[in-house]
Amino acid sequence: MDQILDSRRGTDRSRLRALRLRSHLLAPGTARDRTVGAVAAHMLASQAQDLAGGAYALSLRHGSTAQRQPVVHALERGELVRSWLMRGTLHLCQSQDLGWLVRLSAPRVAQSAATRRADQHITATVVDDAAAHVMDLFRREGRASRELIQRRWQEAGLDLRDGRGYALLQELSYRLLICQGPLIDPGSWSAGQYFVPVPEVATAGAEPADPLAELLLGYLRGHGPASLRDAAWYAGHPLGALRAAAKRLGDRIQAVGTHEGEPLYLRTEDNDAPADQPAGRYLLPPFDEYYISYADRSLVADGQAQASVGPGRNGMVKASWLRSGSVLGAAGPDGLTQWQSQQWQRYQQYRAPRQD
């Protein structure tokens with residue numbers, strides 16, 4: 001690099017935001033000709049405990065927020081799946097990446113949840129029993145709703161009180177037995193998804209030789225410039241492990257700036273084109289990757305904006321307004337400019353039940 005940019009300088013902060021917009025496929029033209037699955041693969045994994053919000057985030061990057069069919073069809077085809085990945089949080093990802101991401105994430109999540117599982121009396125034997133019933137349902141039905149699975153467990157005498165049913169679904173996902181696929185009602189996000197067997201493509205591919213380094217590369221592809229501390233937060237792995245992974249990557253990643261004293265990295269192959277000034281005006285859905293997936297969000301959101309958007313005490317992150325790479329604050333229906341009104345209406349139409 002000829003120059004390492006320091007984001008305390010206004011022009012350098014703008015360029016870093018422009019680079020980040022480009023990585024997020026939010027700069028004009030960056031997602032052209034990509035399928036929804038390719039967008040998901042580019043992002044690696046997108047937070048999606050709010051299913052409609054996670055779908056909208058992919059549609060926003062795909063350039064198809066006026067219609068839901070690309071995401072709905074990708075889920076129906078098994079090209080796109082949802083499961084508990086990094087930090088034990090639901091994410092959308094391309095099915096080919098599900099296997100190695102679960103294998104990388106599950107041990108850390110299991111370690112953090114061990115005490116809770118013991119308190120719930122969820123043992124390996126209990127999980128085996130739950131798995132057998134779900135596999136029988138899949139043999140009979142091919143797929144099953146959460147309600148059907150839990151009814152089958154109750155009939156078999158499994159105790160589902162105090163969150164045990166939800167925990168068992170997580171445990172089966174960490175064993176790569178189940179994931180969430182097609183919508184139960186293609187016209188309604190709130191109806192939820194069917195649980196389906198993990199697609200063969202998710203486990204048939206070769207494991208990355210260095211999964212954590214591969215995760216770091218994927219994170220920087222869809223989120224850079226970002227610090228290693230940001231990557232550690234996203235991955236749910238210790239900062240020291242990410243620093244070691246960065247060393248193993250060598251010149252495949254490159255510092256392109258600093259923010260609050262920490263180097264911000266891109267993949268070297270993504271640093272071969274000049275970044276334009278940050279541009280674009282968007283409504284970001286709840287938990288959008290542009291905002292949430294960083295340990296330090298101050299490059300794109302000042303303190304007032306962060307207080308407005310969250311996370312709040314309940315852990316919720318609100319939809320937000322994004323203009324020229326800066327998060328302005330929480331999105332809502334009042335006091336809107338013309339562009340905000342258009343975006344708000346489109347977002348509400350995307351989330352609303354419909355007959356497609």
Side-chain angles (χ1 to χ4, degrees), residues 35-37 39-40 45-60 62 64-85 88-98 102 130-156 158 160 163-202 285-287 316 319 347-356:
T35 65
V36 166
V39 169
S46 299
Q47 199 159 321
Q49 63 267 61
D50 179 285
L51 175 58
Y56 190 85
L58 293 179
S59 292
L60 183 63
H62 182 246
S64 58
T65 55
Q67 53 182 335
R68 302 187 297 189
Q69 290 91 334
V71 173
V72 172
H73 292 166
L75 288 166
E76 185 68 41
R77 294 192 302 268
E79 181 182 0
L80 189 65
V81 294
R82 187 168 72 138
S83 193
W84 290 275
L85 298 176
T89 302
L90 282 165
H91 286 74
L92 286 164
C93 71
Q94 191 180 42
S95 56
Q96 286 92 329
D97 289 321
L98 178 65
V102 168
H133 291 295
V134 174
M135 293 304 104
D136 183 61
L137 272 178
F138 285 163
R139 283 190 291 271
R140 295 169 181 267
E141 308 290 340
R143 57 191 187 181
S145 68
R146 177 176 174 176
E147 290 74 17
L148 179 58
I149 290 172
Q150 296 200 343
R151 186 163 64 248
R152 177 66 176 270
W153 284 343
Q154 288 175 322
E155 291 169 353
L158 289 175
L160 305 184
R164 291 180 181 88
Y166 188 86
L168 286 171
L169 291 171
Q170 288 182 305
E171 292 298 320
L172 298 192
S173 76
Y174 298 146
R175 290 190 179 190
L176 282 172
L177 295 175
I178 65 173
C179 63
Q180 295 181 59
L183 296 182
I184 293 172
D185 177 355
S188 173
W189 300 111
S190 62
Q193 295 170 270
Y194 286 109
F195 283 90
V196 296
V198 166
E200 183 178 350
V201 68
F287 300 99
M316 291 301 296
Y347 175 60
Q348 295 304 314
Q349 290 168 359
Y350 189 96
R351 295 185 69 99
R354 65 172 72 173
Q355 295 294 325
D356 286 325

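- Side-chain contact between L98 and V201 is absent, with no heavy atoms from C-beta onward closer than 4.5 Å.
- Below 30°, between 30° and 60°, or above 60°: for Y347 and Y56 the angle between ring planes is above 60°, a perpendicular geometry.
- Contact annotation: the side chain of L177 approaches that of M135 to within less than 4.5 Å [non-hydrogen atoms, C-beta and beyond].
- Rounded to the nearest 0.5 angstrom, Q94 CD and Q96 CD are separated by 4.0 Å.
- The shortest heavy-atom contact between S95 and P199 is CB-CG, 4.3 Å.
- Contact of the L51 side chain with the L183 side chain is registered, since non-hydrogen atoms from C-beta on lie closer than 4.5 Å.
- The closest side-chain heavy-atom distance from H73 to V36 is not below 4.5 Å.
- Side-chain contact check for R351 versus D50: some heavy-atom pair is nearer than 4.5 Å.
- Counting heavy atoms of neighbouring residues, nucleotides and ligands inside a 6.0 Å radius, atom CD of Q348 exceeds 12 of them.
- Annotation for C179 and P197: closest pair SG-O, 4.3 Å, computed over non-hydrogen atoms.
- A donor-acceptor pair under 3.5 Å is formed between the side chain of R68 and the backbone N or O of Y350.
- The side-chain contact (heavy atoms from CB on, under 4.5 Å) check on A132 picks up nothing, with sequence neighbours excluded.
- When all heavy atoms of L80 and C93 are compared, the closest pair comes out as CD1-O, 3.4 Å.
- A donor-acceptor pair under 3.5 Å is formed between the side chain of W153 and the backbone N or O of A130.
- Looking at heavy atoms from C-beta onward, E171 lies out of side-chain contact with R175 at the 4.5 angstrom threshold.
- Note that the CZ atom of R82 and the CD atom of Q49 stand 8.5 Å from one another [nearest 0.5 Å].
- Here E147 contributes atom CD and Q154 contributes atom CD; the two are 11.0 Å apart, rounded to the nearest 0.5 Å.
- Rounding to the nearest 0.5 Å gives a distance of 9.5 Å between CG of D136 and CD of E141.
- Residues satisfying the side-chain hydrogen bond (donor to acceptor under 3.5 Å, both in side chains) criterion with T65, sequence neighbours excluded, are R346.
- Checking side-chain atoms of E76 against main-chain N and O of P182 turns up no donor-acceptor pair under 3.5 Å.
- Atom NE2 in H62 sits 9.5 Å away from atom CG in L58 (nearest 0.5 Å).
- Taking both residues in full, the closest heavy atoms of G54 and A48 are given as CA-CB, 4.0 Å, listed atom of the first, atom of the second, then distance.
- The two residues L92 and A55 make their nearest non-hydrogen contact at CD1-N, 3.9 Å.
- Atom CG in L172 sits 9.0 Å away from atom CZ in F195 (nearest 0.5 Å).
- Checked against I178 for a side-chain contact (heavy atoms from CB on, under 4.5 Å), the options V134, V198, V196 give a single hit: V134.
- In terms of heavy-atom proximity, W84 sits nearest to Q180 at CH2-NE2, 4.0 Å.
- At a threshold of 4.5 Å between non-hydrogen side-chain atoms, the residues R152 and I149 do not count as touching.
- Between the side chain of Y194 and the backbone N or O of G142, no donor-acceptor pair lies under 3.5 Å.
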